[in-house]
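The shown structure was predicted, so the numbers you read here are calculated from the model rather than taken from an experiment.
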Amino acid sequence: MNEFLKDFIHSLSAREKAAFRKYASMHGEGAKKNYMRLYDRIEKNPGQSLREIRCHFEGESIDRYWSAEGNYLFQQLMNSLTDHHKTTSDYRRLSQMVLSIDILSEKGFRAKAVKILRQAKKLAYHFEEFSIILRLIEQEEEILFREGIIGFADQLKILAQERQRVVDQIQNLNELRLLREQVRSLQFVESFVNDPNLYPDIFLNPLAADEGQALSLRALENWHYIKGVSCYIIRRFDEALHRQKIYLQFFEAHEYLFKKSRKLPILSNSLYIATLNKEVDSFMEALRKLEDLEKDRSLDTVYIRYIKYARLLDLYYVKKGWMEMEQVLRETGDYLHQYHQEMGEAQVGYLVELVVRSYILLRQYETAMEWVQFWYRVPQLEVNASLRRIFTLLIYQELNFRQLLESEITSAYKELKKIGRLGALERSFIRYFRQCLRKPLQKRALLQELSDELAVISQDPQANKDFVYFDFFEWSKERLKETG
């Protein structure tokens with residue numbers, strides 16, 4: 001027995017634990033059995049290792065047959081979970097019907113088996129459970145062979161054609177899922193691309209041509225995602241918003257096919273694309289839907305709050321709603337400190353980026369620096385490197401930390417060059433900060449020179465990717481106004 005059993009028991013929900021105790025009470029004397037004594041000890045002592053738990057049973061039969069007792073407990077747990085979850089999803093309910101068909105067919109009750117098979121196949125097609133459909137086709141063939149009905153060869157041909165259609169649907173779904181992952185990966189690595197022709201496997205893929213390329217509703221869900229994110233990647237934000245609205249409408253019309261959690265990233269993207277287009281009404285509509293899901297205890301509330309805080313900070317950045325931004329920042333800070341270890345690396349990096357950006361815009365540089373320090377302590381994706389370095393340089397200069405600024409300039413240059421992200425924007429800022437250290441009395445002239453460079457960069461699609469997240473040219477103009 002290894003630590004897996006302990007981890008598995010502690011992964012059970014309260015309902016699953018209650019179901020297991022009920023299952024045990026219905027199968028013998030329950031609490032008096034060794035496997036229940038072992039379960040109780042593990043479940044009530046989460047801080048103890050299995051070695052410590054075994055010591056508690058020293059000299060007893062549980063200790064002597066330690067591995068066998070552990071294996072039996074696991075087997076009983078799985079029996080209980082299988083029984084508890086047998087109707088908790090459409091797939092599992094259909095699996096129970098498949099088992100019923102098997103049993104009835106084996107016992108010779110062909111008419112009843114066929115009746116349930118017809119019901120199961122109808123449901124399987126409704127929920128697009130393709131693997132179940134294939135098994136039902138196989139069962140139907142087995143019944144035909146077993147009964148030897150006259151003319152059943154024609155029925156077998158029809159079933160063979162049906163099987164091929166389902167196999168084609170499975171293949172089509174898998175191909176669109178793969179394309180979806182390629183699009184998602186490109187977004188994370190590059191953020192934006194200027195020439196779609198450089199990525200023909202994505203942007204010239206025949207599967208993405210039109211809706212008719214999707215052979216099922218599940219495949220079509222992937223198709224909508226691909227089209228929306230593809231528009232975002234090439235910065236056609238108005239078209240991306242249009243696609244996202246269609247995607248959300250499609251999903252809501254077919255929610256019975258998908259888990260509730262699948263709606264969360266759709267709403268997240270809807271909120272973000274709405275901010276990029278400054279569509280406040282669209283944003284608020286999607287936010288209301290997100291807040292409705294926030295009440296559902298079966299969903300990941302940590303992820304929902306991440307979406308909510310990130311998108312609200314984006315909205316107030318676009319609207320320049322500084323007072324609202326400050327309120328959200330307080331809540332976001334508490335949330336990050338409490339839950340950052342439960343979040344994905346990309347989520348932490350992005351949310352901290354938004355927090356730092358917000359405090360820079362609010363001119364609260366000491367607080368911004370505290371969050372930059374936090375930013376460097378958590379894992380990061382390379383796509384965040386440029387903004388993190390530039391924000392750090394801005395903060396050090398505003399706080400007049402000359403030694404830190406000088407060190408950061410060298411460090412930023414080396415890192416960004418190493419990872420291939422030392423572009424026009426990064427070079428302009430590094431050059432500007434170096435000149436500020438050398439010519440402290442000419443800061444305004446240097447800032448004007450930087451602003452002129454940023455004006456050019458902002459019009460260059462090869463170099464202005466990060467302007468989507470922070471309008472550096474606008475920032476430079478504001479700073480020029482403040483310096484007189």
*asked:* I'd like to know whether the aromatic ring centres of Phe429 and Phe472 sit less than 6.0 Å apart in this structure.
replied: yes
*Given the side-chain rings of Phe258 and His254, with only the six-membered ring counted for Trp, is the space between their centroids under 6.0 Å?*
no
*Stepwise, does the side chain to side chain donor-acceptor pair (under 3.5 Å) test hold for Gln75 with Asn71?*
CA-CA 6 Å; Gln75 193 175 57; Asn71 289 336; over 6 Å; no
*asked:* Tell me if the CZ atom of Arg177 is crowded by more than 12 foreign heavy atoms within 6.0 Å.
replied: no
*Using a cut-off of 6.0 Å, state whether more than 12 heavy atoms not belonging to Gln341 lie near its atom CD.*
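No, CD of Gln341 has 12 or fewer neighbouring heavy atoms, counting only those of other groups under 6.0 Å.
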State whether [Y] and [X] meet the cation-pi test: NZ (Lys) or CZ (Arg) under 6.0 Å from the six-membered ring centroid, and within 45° of the perpendicular axis.
X: Arg180; Y: Tyr225; result: yes
X: Arg434; Y: Tyr413; result: yes
X: Arg388; Y: Tyr376; result: yes
X: Arg357; Y: Tyr317; result: yes

*Looking at Asp314, Asn277, Leu312, Val318, which one forms a side chain to side chain contact (heavy atoms under 4.5 Å, CB included) with Phe283?*
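Single pass found, and it is Leu312.
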*Qualifying residues under side chain to side chain contact (heavy atoms under 4.5 Å, CB included), relative to Phe192, sequence neighbours excluded*: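 Counting only residues at least two positions away or on another chain, Phe192 forms a side chain to side chain contact (heavy atoms under 4.5 Å, CB included) with Tyr232, Arg235, Phe237, Lys465, Val468, Tyr469.
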Can a donor-acceptor pair be found between the side chains of [X] and [Y] at a distance below 3.5 Å?
X: Ser428; Y: Glu453; value: yes
X: Glu326; Y: Gln364; value: yes
X: Ser411; Y: Arg389; value: yes

*In chain order, what residues pass the side-chain hydrogen bond (donor to acceptor under 3.5 Å, both in side chains) check against Ser11, with sequence neighbours excluded?*
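For Ser11 there are no side-chain hydrogen bond (donor to acceptor under 3.5 Å, both in side chains) partners, ignoring immediate neighbours.
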*Verify ring-ring contact (aromatic ring centres under 6.0 Å, His included) between Phe467 and Phe473, making sure each step is shown before the conclusion.*
CA-CA 8 Å; Phe467 281 64; Phe473 179 48; 8.0 Å; no
